[in-house]
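Reckoned from all heavy atoms, side chains included, excluding hydrogens, waters and symmetry mates.
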Amino acid sequence: SADNELSWDTSDWESAWDSGNNKEEEEETAGQSEPWLQDCVVSLSPCADLLVVAHEHKAVFLSAKWRTDESGREEMTLAVSWTGTLNTEEGECVSSSICIPLASQKRSSTGRPDWTCVVVGFTSGYVRFYTENGVLLLAQLLHEDSVLRLKCRTYEIPRHPGVTEQHEELSILYPAALVTIDGFSLFQSLRACRNQVARAAAAGSDMIQPPPLAYKKWGLQDMDTIVDHSSVGIMTLCVFDQMKNASILGGFNASVKGSPPAMNQYVTVGGGPYTGFYYAIEGSSQPLLSHVALAVASKLTSALFSAASGWLGWSKNKNEEEAVQKQKPKVEPATPLGIRFGLPDSRRHGESISLSPCNTLAGVTDDFGRVTLLDLARGIAVRMWKGYRDAQLGWLQVSEEQGDREFSPSASLPRRHALFLIIYAPRRGILEVWAMQQGPRVGAFTVGKHCRLLYAGYRLMGVNSVTSQGWQLHTQQVCLLDPTNGALRTVNIPFHLALSDKKSERAKDMHLLKRLTTILRSREVEPDFLEREGKNVLLDIKHPAIKKQALESLLSHKNVPVSCLTNITHTVFDTLKQQDPEEVDTALLQLCSSQLKMLQLYSDIQQLHSAAEIEQDSLEGIEDELSSVGPTLKRYAELTSRPSVSFAQDSPDSPLPAQAFLSQMECTEGGELKVVRGSDTDWNHLGNFLFWDCLCGKCPLHKVCDRLQQAGISPQQLLSLLLSMWLQREKEVLQKPNETVRNLHALLIALSNMKGAVEVSWDPQSISPWWQQVRTTCIQSHNVAAALLAALVAYRAAKASITSRADSKLQSEWEAVSLELEQWVVCVRQLEDVLVLQTLLLVPPSQGAAGGTAAQCSIKTLLEGGTGGIADNVSKWVFRHNLSPERLKEIVQKKEGKNMDDKVEQQAGEGRKEEREKMCQRFPHSLSPDLLFAHCCWEYVVQWNKDPEVHALTNIDIIYKIYEDWVFNDINQKNDTSTFVVKRFSAATFLIEKVNLVHTDVGMGDKAMTSFLGCCVQLLQILMEADSAVEEVSAPELSVEEVWSGADGPASIAELALEQRGVHYPLVQHHCLLASLLHAAMTFSLKMKPLSLFDSKGKNAFFRDLTTIQLMPSGDMDPGLVSLRQEVNSGTGSSPLPSSGPKAGWWPSLCLELGSLLQVNPDILRRHLVCELYNQGLDLRAEEVMLEVEDKDVLGSQLLVLTGQRLCYSLLHSQSQTQAAMELLARLPPTLCTWLKAMDPSELRCPLVPLSQTSRLVGRLIEILPENHAQYVLALHLLEAVEALTTED
C-alpha cells in the first residue's frame, strides 16, 4: 500500500534527474494552454532522439540536435524536423503511434540506431510506416476497425540459461482482434522499402508498390471490451501446470503429452473480465486436447499467414496500379482465440497495462484509481495501490554496479538486477518509485500535473545474439515530458535502493560518495553550497574506509577553497573526537589531524605573504665578488633573456593550489611534516610558494622560517626547495641581483640556524654535510649564473659560521677553516669558469652558419667529460659559428695579440672578443692548440658523417687546412679514419667495383663522392708525410688547469691518439693508390673495376688496420695485370680537360703518378700523353712532354697518323673546301693521296687546328724520325703538302 514508505531521505539521489540531458521542444503549439498534451498521441524513441506528437490528422516530428545556449554550453535539444498531415482516407484520425529505432547492419556499429521508423495507427484500421522525415514507406489495412494500441517487443539477451529467448514482434490491438507481425520480416521489409524510396527519389519517380506484410490475426473472444494489451512472448508450462490443466479440463482419464508445447501469451485489460489471459499454441495447426479444453468449441487453429508472393506486385503497369488502389484492400479473417482465464470484476474496467522488462510482471490501471501488480506466470494480482486516478506507469530495470558487487555476499554469482515500478499520478502532480515486488516506495518527486510519462518497453529492432556482442545500447527506459517548460527528463535510480538488508548501508555510502564526486565535477558551484553538501555527505557516510575515500577526493580537488576544506575537515575531526575512542577508525582520525596541520600551515604562509614587514640584510663582504663577475653576468643575462614559448599553467608565478600543497606533504608518526619529492615542476612550484616572496622582499622571511620550523619540516628539505627555486628563476634573479642576493643570504643564515641544519658536534676538520648539499646542487645545475651567486652567498655564510665557531672555542682552527673553505674556493672558481664558457656558447652564430642549439654546461658535465670536456664544447661552438681554420689558429695563438683580436672581431661579430679573451685566460691548458685542433677535427668529421651531402665540400677541406703544418696530425687522423672514413671508403670501393656508380648505401651523390675520395687521397698522403717526420718531433704534453684536475670522465681525443701505434708506411701507400684510382674513376667517369688491378695479396691488404704489417704485393707483376693497368691508365690520360686553370697541370701529373704507382712503363704513358695532348689541340703542352719521351721512333709513327688525320680533315672533310685545295689534292702523289683517304679524322677531339700548328708538328716529325725509317718519305710528302696549303692560304 501507499503507507509502506521507506524512512530514508530520498533527497540523496534526487540529482539522478539528468539535468544535463534536458531536451527542449521547439514547436508552434508551445503557446497553447497547459493541458493540450493530454489530447495528443505522443511517442518517444527509446534512444530519445525522435519525438512524435500527433492530434487528429496532423503530426509533428521532433529530432535531436545540438545547440549552444546563451552561456556557450553545448546541449541536446529536440527541434521540429517535419510537420504535416498523415491521413489519406477521408475522416480517419491518428489513434496510436510508436517510434522503432532500427539497428545498423554495419560491422563498425557500436549500438547506435541506423534510422528510426515511425509506426502510426489510424481509426480506419490502416497502419502506416514513415521515416523520420515523414516519407511514407508502407501502408496496410489489417482489420476494419480502429487501431487501439501499437506495441513492440525487441530482442533481449537472456540473463539466465533457463529463460526462453524471445523473438521480436510488433503487435496491433483492435477492439476485437490482435494482429502480430514478426520482427525479423518487418525489419527486412522496412529496410527494403527505405532503399526503394531513396532510389525512386533519385530517379524522380513516386510510384512505389510495397510488398504486403506477413502477419497473424487473432480474434479475441469471451471478453466484453478490450482497451489495452501486452504481448508477453513465448512461454512453456512446467510439468505440474500441464498435469493440473489436463485434470481440470479433461477429467480423470485425460492424457498428457511428454513435452509441453510452446505458447504465445497475451494479456488484455478492459471489462468483463477486467483482465484476460490468452494463449496461442506456437506452430501447430490443430489444438492439443491435453492442453486446451475451451478450444474444442472454438476450434483453435494455427495462425493464418497472409503473406503474398513477396515482391511480385512491383512489375505491374501504371493502369493496373491505379485500379488496385481504387479497389478496397482485402482483409483476412481473424483466427478465433478463446480466453484461457481472467480476473473477473464486473464493476472494474481496466484502462492500461504496462509490461515489465523481464516479462514476468505487469502493472494495470483501472477506472477506480487503483494500480494492480500482476504476476503473469501465475495469473494472479500480487499487489494493489489506491489513490492513483489516471495514473501512468513505467518500469526501470537497474543493473548492479561494480562498486556495489565488491561488498556483496553474492559477488561470485551473476550480476544482479533490480526492478522498480514508476507511477506518475497527474491528479497529484507526483512521481513515485516503488521497489518490486513487495518493496517500499524508495522515492517521490513533485512534478507538474500535465506531464506525460513515456515508457517504450523496447529497444532497437534488428538485434540478435550475434550482432549485439560488445554493443553499448544507448537507450532510455523512462522519460517524463513536461509541456510547461518543454523539458524531457530521464529517471535514474541507484541499485542500492532495492536492497533491504544491512549491505544496503555500504551501497548507500557508495552512492553518497558518487554524489560528492558529481558535485565536485560541476564547473560552477558556490563555496557555501559545496561546504554544506560536503559536510552532510561525510557525516552521512557510515563506513570509515568510504568516508576516508570521500575526504581524500575532496582534499585532492583543485576547485575547493582552503576555508571550505578546513571547515569540512574540522567538522569530521570533531565528530570523530566525540565518538567512543574504541569505535573510531585510527587511520581516518590521523588523516584528519595531519590534513588540518597542513591546511593551517598553508593558510599561515599565505597570510605571511601579505604581511607588510620587510627585513633588510647588508651586502657587506660580497660586493667585490659581485662587481668582479658583474659584466659577465650582464652579458649572460642578455643572451638568456630571449623570449621563449611556455604554457601559462607551467609559469612559476602561477599560485600554488592548496591541493597541490597537500599532495607534496605527509605527516610522520611523530606529528612532524615531511615534503614528498615529486616531479621537478611540482618541487619548484612548492619552493616558489614558500620562498619567492621572501627573496623579493615582500614578506618577513624570518617569520616564514620560524613557521616552517614549527611545522617540523627538516631544514635539509627546505634548503633543497630554496636552491631549486633559486636556480629555476635565474632570469628573474639576474634582473635584480643585489636585492635577491641580499635576501638569499638572510634566508640561508636563517635555515642554517635551524635545529638539525649544521650539526652541533660537527668537526671543523671535516666537510659539513649542510654546506656540501649546497655545493652539490650548484655543481649539478646548468643555470650557472644563479649557481654562482648562490655559491658566493653560501661561501660568505659558511665563512661567517666557521669564524663564529672558532671564536666560541677561543682558539684558532686554521686547518678547519682552510679545509672547508678550500672546497668553496674551488667551487666558486669552477663556476666562474663555467659561466664564461656558457656565455661564449650562448653567443648566436652569424647568418649562414651551421646553427643549432647551444650546449648547456655545468661543473658536473665538464668533469664527467674528462680532460677534453672543455675543448669538446668549444669545438661544437666553432662548428656552429663556421669559423675558418685561419681564424681558429688566431684564436688559440696568443702571440698575435691585438691584431688578431681585430681580425676575429670583424668576422665573429661584436660581443665575442671579450668572451674569447676570457676563455683563453681561464683555460690556457684545456684550450691548447693541440687539444683544441684535435677536438675541432673530430667534431667536423662527426658532422660530416651525419650529413655528407651538406658538409662534404666544406668540413673536409677545413679539416685538412687545420692539419697543415701541425705535427700532431698523424695519430689523430688515424682515429678519424678508422671511425668514420674507412666504412664509406670501403663501401664506395665495392660499389664502384660492382656497378660503376654511387649507390645509396654510401650515403653520397656523385659530387660529394668525388670530393670525399679526393680528401681520402689527401688524408693518406698527409699520414705518409707525418709518419716520415714522426721521429723528429716529440709528442705534445697535455695538461689541464688545477681547479679542473678532478675530471674523472673518459680520456680526451688527444690522449686516445697518443696511445695509438705508428702506421705501416707501405700499407698506407697501398691504400693511397686505391684512393687515387677511385678518385680518377669518379673524376673522369671511367668504367673500371679498381680491385681487378691488384693481385690476391693486394686485395687482402685493403681495409686493414693501418698500424698492422700486412703481406704486400711483390715487385714481379703478372703481365696480364700490367697490361690491364696500362689500359686503365691510358683511359685516364684520354679524358678531356681544359688547357688552362688549376686542373690543367694536375691532369698530366696525375697520369704519370698513377703510372708509377701501378708499375706501368712511364715512357709508354708519356707517348700516350703526347698523343692525347695533340689530339685535343694542346700542341705546346705536348711539345713539353715530348722532351721526356725516350723512344722517339714509336712516337714519330704515332704522330704521323695524327698528322694525316688533321690533313685529311682539312682537304676532304672540311665544309670550307676551296678550289685551290682541290687542285692541290689532285697534284699530290698517288701514294699520299690514297693514304690520306684511308685516315679517319673523327678520332680527333679537336680537328679544327690552325695549319701553322700542323706545319710545326710535321717539322717535329722530320726531326725525330731517322732517314732510314720506313715512313720517312711519307713524312716528307706531308711536309710538302702542308707547305703548299699554307702558301695557298
Side-chain angles (χ1 to χ4, degrees), residues 617-630 632-633 715-716 718-720 722-724 726-727 730 733 737-738 740-754 757-759 762-809 812-838 857-863 922 1040-1048:
D617 188 57
S618 66
L619 278 175
E620 183 181 357
I622 204 172
E623 298 92 337
D624 296 339
E625 289 85 348
L626 287 177
S627 61
S628 63
V629 298
T632 308
L633 288 175
Q716 284 76 15
L718 295 175
L719 178 63
S720 178
L722 173 61
L723 293 176
S724 297
W726 172 269
L727 296 171
E730 183 183 60
V733 166
N738 291 337
T740 52
V741 165
R742 180 191 303 114
N743 293 322
L744 176 64
H745 181 263
L747 268 174
L748 204 54
I749 293 295
L751 294 179
S752 302
N753 293 333
M754 283 186 181
V758 182
E759 297 181 3
W762 169 51
D763 184 5
Q765 295 185 8
S766 61
I767 302 299
S768 169
W770 173 261
W771 299 116
Q772 183 61 36
Q773 181 182 351
V774 182
R775 280 195 297 274
T776 302
T777 305
C778 294
I779 286 172
Q780 296 175 352
S781 175
H782 291 284
N783 301 317
V784 290
L788 175 59
L789 293 176
L792 291 173
V793 171
Y795 177 33
R796 180 191 174 196
K799 189 174 182 179
S801 175
I802 293 175
T803 304
S804 63
R805 285 176 177 269
D807 293 343
S808 64
K809 294 183 179 181
S812 178
E813 297 285 352
W814 292 108
E815 185 179 356
V817 172
S818 63
L819 184 60
E820 175 63 36
L821 297 185
E822 183 63 27
Q823 295 284 333
W824 278 115
V825 171
V826 173
C827 180
V828 170
R829 177 57 192 268
Q830 287 177 335
L831 285 170
E832 291 175 352
D833 291 349
V834 177
L835 178 62
V836 173
L837 174 61
Q838 187 66 65
C857 296
S858 67
I859 297 177
K860 181 181 179 182
T861 56
L862 291 181
L863 290 175
R922 288 191 167 272
V1040 295
E1041 291 74 22
E1042 184 179 357
V1043 293
W1044 295 100
S1045 58
D1048 55 355

Within-4.5 Å side-chain heavy-atom neighbours: [X] and [Y]:
{"X": "Leu792", "Y": "Val741", "value": "no"}
{"X": "Leu835", "Y": "Leu633", "value": "yes"}
{"X": "Thr632", "Y": "Glu832", "value": "no"}
{"X": "Val1043", "Y": "Asp833", "value": "yes"}

Going from [atom1] on [X] to [atom2] on [Y], what distance comes out if it is rounded to the nearest 0.5 angstrom?
{"X": "Gln772", "Y": "Gln823", "atom1": "CD", "atom2": "CD", "value": "6.5 Å"}
{"X": "Leu719", "Y": "Met754", "atom1": "CG", "atom2": "CE", "value": "10.5 Å"}
{"X": "Thr740", "Y": "Trp726", "atom1": "OG1", "atom2": "CH2", "value": "4.0 Å"}

- Does Ser724 have any side chain to side chain donor-acceptor pair (under 3.5 Å) partners at least two apart in sequence or in another chain, and if so, which?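 Ser724 satisfies side chain to side chain donor-acceptor pair (under 3.5 Å) with Trp683 only.
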Looking only at non-hydrogen atoms, find the nearest pair between [X] and [Y] and report the distance.
{"X": "Ala787", "Y": "Cys778", "answer": "O-SG, 3.6 Å"}
{"X": "Asn783", "Y": "Leu727", "answer": "ND2-O, 2.7 Å"}
{"X": "Val774", "Y": "Trp824", "answer": "CG1-CH2, 3.8 Å"}
{"X": "Cys827", "Y": "Ile779", "answer": "SG-CG1, 4.4 Å"}
{"X": "Ala791", "Y": "Leu831", "answer": "CB-CD1, 3.5 Å"}
{"X": "Pro715", "Y": "Leu751", "answer": "CB-O, 4.1 Å"}

- State which residues pass salt bridge (charged side-chain N to carboxylate O under 4.0 Å, His left out) with Glu730; sequence neighbours excluded, sorted by chain then number.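 Salt bridge (charged side-chain N to carboxylate O under 4.0 Å, His left out) list for Glu730, sorted by chain: empty.
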Could you check whether any side-chain N or O of [X] sits under 3.5 Å from a backbone N or O of [Y], counting only pairs where one atom can act as donor and the other as acceptor?
{"X": "Trp1044", "Y": "Gln830", "result": "no"}
{"X": "Thr777", "Y": "Gln773", "result": "yes"}
{"X": "Ser752", "Y": "Leu748", "result": "yes"}

- Query: Who passes side-chain contact (heavy atoms from CB on, under 4.5 Å) against Ile749, sequence neighbours left out?
  - Reply: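 side-chain contact (heavy atoms from CB on, under 4.5 Å) check on Ile749 returns His745, Asn753, Ala797.
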- Under the side-chain contact (heavy atoms from CB on, under 4.5 Å) rule, collect the residues that match up with Ala750, sequence neighbours excluded.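 Testing Ala750 for side-chain contact (heavy atoms from CB on, under 4.5 Å), a comparison that skips the adjacent residues, returns His702, Cys705.
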- Message: Per the salt bridge (charged side-chain N to carboxylate O under 4.0 Å, His left out) rule, what does the pair list look like for residues 782-795, sequence neighbours excluded?
- Response: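 Applying salt bridge (charged side-chain N to carboxylate O under 4.0 Å, His left out) to every pair that reaches into residues 782-795, excluding sequence neighbours, yields nothing.
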- Message: Please list all pairs meeting salt bridge (charged side-chain N to carboxylate O under 4.0 Å, His left out) that have one or both residues in residues 766-794, counting only residues at least two apart or in different chains.
- Response: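 Of all non-adjacent pairs touching residues 766-794, those that pass salt bridge (charged side-chain N to carboxylate O under 4.0 Å, His left out) are Arg775-Glu820.
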- Query: Does the pair Leu837 and Val784 meet the rule for a side-chain contact (heavy atoms from CB on, under 4.5 Å), with working shown?
  - Reply: CA-CA 10 Å; Leu837 174 61; Val784 290; over 6 Å; no
